[in-house]
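What follows is a set of notes on a single structure, which appears directly below.
Note on naming: letters A, B, ... go to the chains in the order of the sequence lines (proteins, then strands), and numbering restarts at 1 for each one.
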Amino acid sequence: MRPLLDGLRRMGRYPSALVGLAIIFALVGTAVFTVVTIPYGQALELWRGGDVWRMHPVNARPAWVDRIAGSNLPRTIVVSSDDAVIEEEPFVGGNRLRIPLEFDFDYDGFPSELNLFLTSSHTEREPFVRLTWETPDGRELNLGGRRPAREERVSISQDWELERRLGRVPHVGLFAAEPEGDGPPEVIGGRYRLVVDAITFEADARVDADLVVYGRVHGLAGTDHQRRDLMVALLWGIPVALAFGLLAAVGTTVTTLVIAAAGVWYGGWVDAVIQRLTEVNIILPMLPILVMVGTLYSTSIWVMLGVVIALGIFSAGIKMYRAMLLPIRESPYIEAAKAYGAGNARIILRYMIPRILPVLIPTFVTLIPTFVFLEASLALLGLGDPVLPTWGKVMNDAQTQSALYHGFYYWVLSPAALLMLTGLGFAMLGFALDRIFNPRLRTM
Amino acid sequence: MTDRDGAIAAPARGFLRDLRRLSVFTVKRLAALFLTVLVGVYLTILIANMGGQVDELRMVQIQSTVAEQVRADPAFFDLSAQERNELIQRQVQLEVDRLRLDQPFIVRSVDYLQQAIRLDLGRSEHMHSDRGAREVYWIIVERLPATLLLFGTANLLVFFASVFIALGLSRRYGSALDRSVIALAPSSAAPGWFYGIFLILLFAFVIPILPAGGMVDVPPPEGTLAYAASLLRHMLLPVTAMFISTIFISIYSWRTFFLIHSSEDYVEMARAKGLPSGLIERRYVLRPTLSPIITSFALMLIGLWSGAIILEQVFNWPGLGTLLFQAIGHRDTPVIIGTVVIFAYLLAVTVFLLDILYALLDPRVRVGTG
């Protein structure tokens, strides 16, 4: 253990090691924070998508990108009837409601979508609802009337009739100045109002309305094609990537090392069998076999982890460790251990392996990013875990939705940047450790 | 010792002896590798069959072939639907007996192994080759040249570039250039496809000067020269991606290696004799270290085969990797298994070629002591 501690103390002299360590600590800290704030079950629930995200825009870019670019694209505005001053006019057998949904719109661009969510508490007869749109320059547009069910989503953006009337997509037309000529539509800033006039036919029935003006930017990470906030996947990708990388690295290096040591210690046919198995394993193509397992059995990340470890047991590393362990077997202290009657297992685990552990640590650290990227690779092939949000799956989604072609660069770049950061963190630490623990490198 | 003296005295005889030893070595290695492939493919079959997939596949294939035969045969045209179905059932049963599908898996797995070794990879379920063949063998063979072209080019480029740059850096050890290249080594933690995405983003979308994917323009240009030019343009980005992802780590490891070896006593001795540094590098540093260089090159190649799959998919390169990706999409099991077998073969061939190269470079093999 002495050389280990010494080595760790020497690490302070390598700036790259410190930077790497800082990155790793930051990642681990964020991972812990993520797992605590968004528990596992909740993360899966969120990532499954669906109604949870109905108030989020589709493919909105991160807000900070917009800030850096110097533009002022709209954010999502939600106007709820709970905050509005509702005029009520009861009559016999019903109620007349006037819900003004007001909001200020001072952005450079048009919203990406416009939806109204209506909830009605009627028991038998649906209320009647009429919608009127008021622009800051005093125009009034009738958006038609309807009889909503208990839960109704009014997709104003997909109102073809309205689109024909406006000559433009509603979420552009409703925010644009009166068209003059063929020029591009111009957005009008100011106070907009959607007035919901509802007549209920039951005395105690209520109508609630939520107007959602979907923005073009969202949060720190943006959203994807299913309106999901990418932040969930980016954050949850950290613990998943770290766990996968770490477990795979531990699983493969430890087993490989023990097997190599056992082969060297026992020699004879044990060694021969281990050598031959290693040769077989070298020609077994890792990724295609993972792909095969993924298609035939399960794409669960834990199954993949198991296969990665199983294929990694007899990896090429065995040859390297063997070369290092062979001289150790002949050393006097092993002889001494044999003389006092130490068993085989004790000699292998307590005397042989600890000797080459320092050399192993750099390899181990540099192995972690390999497995992190392996997980991303599998996800990119469409063999990502079916339920867990991971970076690779985000990139896979982006790829299948042609994100680069459509200009949604953030969708590819943010998971890629995190992957790179993880890779760099471990690689920098690993390379520095390599110089610390490999004496031949240190003297140079 | 006598052998070596003999070799000096009679070069022609020495050459013949070398050749004989080399061929013995080659045959031995071939036999060993063949056994290795045998075991490897057998393991693949076991993995693929754990869910009974291969059996199901064969049943489906037999049924479809038999049904096709019966329908196409004019002799059976006047049979009623029921009679025809019974006939098909009987034929299927015969085929099952013939192929011993009712026997335990252990017995049949040997059959599968034999077929796979003969590259009889069966018929695909949905996919077909560009020429319309349904044999997995032809589907794969059609894609092989594209993969070999791309990865051959990139690997050779990386190999030679890194060895020469590393030699240069080990000479100027500690200089600013040396330090910056070494500082860049951790960038190799990311695989080629990762850089590929950035390259595509930069050179195909932000500054659209290179194609985002594919192998040649659509439609393929007429004339060999125009075709080659188009191919080159399409190869540029994937090759660059692979180059970036591996070059710094290879330079780093070669440099370390050369530094260790250039501090050996015999190199110091040569320096003390006042030999020119070029000669020292060639004869005293490079020559004895060539075999480990080759070994590490082999390991790098083996690692790159796997990376090939994703890189090809990202660049839409019509090679084995894209094929595997498409096969996943179609859930076309015979193609997937076939690709795994072919990859195993490719790895074995890589190992074999490098073994031979190793033997040519390592005098111990030639004189029969290695």
Side chain from CB out, backbone as N, CA, C, O: work out which of these in [X] comes under 4.5 Å of a heavy atom of chain B, or both, or neither.
{"X": "A/Leu277", "value": "neither"}
{"X": "A/Ser16", "value": "neither"}
{"X": "A/Leu383", "value": "side chain"}
{"X": "A/Gln399", "value": "side chain"}
{"X": "A/Tyr405", "value": "both"}
{"X": "A/Val307", "value": "neither"}
{"X": "A/Val412", "value": "side chain"}

What part of [X] gets within 4.5 angstrom of chain A, counting heavy atoms only: side chain, backbone, both, or neither?
{"X": "B/Val341", "result": "neither"}
{"X": "B/Phe198", "result": "side chain"}
{"X": "B/Tyr195", "result": "side chain"}

Hey, which of A/Arg276, A/Met420, A/Met395 has the most heavy atom pairs under 4.5 Å with chain B?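 The candidate making the most pairs under 4.5 Å is A/Met420.
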Chain B contacts, top residue of A/Leu429, A/Thr366, A/Leu413, A/Asn281 (heavy-atom pairs, under 4.5 Å):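 Counting heavy-atom pairs under 4.5 Å, the top option is A/Leu413.
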If we define contacts as heavy-atom pairs under 4.5 Å, which of B/Gly40, B/Ala183, B/Ala344, B/Ala348 has the most with chain A?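 Max contact count across the listed options: B/Ala344.
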Can you tell which of B/Leu201, B/Val39, B/Leu324 has the highest number of heavy-atom pairs within less than 4.5 Å of chain A?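 Greatest number of close heavy-atom pairs with chain A: B/Leu201.
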Are A/Leu380 and B/Val314 packed together at the side-chain level, in the sense that at least one heavy-atom pair is separated by less than 4.5 angstrom?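 A side-chain contact exists here, since the closest heavy-atom pair is under 4.5 Å.
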Stepwise side-chain contact (heavy atoms from CB on, under 4.5 Å) test for B/Tyr252 and A/Asp434: CA-CA 12 Å; B/Tyr252 175 82; A/Asp434 198 26; 3.7 Å; yes
Run B/Ile249 and A/Phe431 through side-chain contact (heavy atoms from CB on, under 4.5 Å) and show every step you take. CA-CA 10 Å; B/Ile249 184 80; A/Phe431 276 86; 3.2 Å; yes
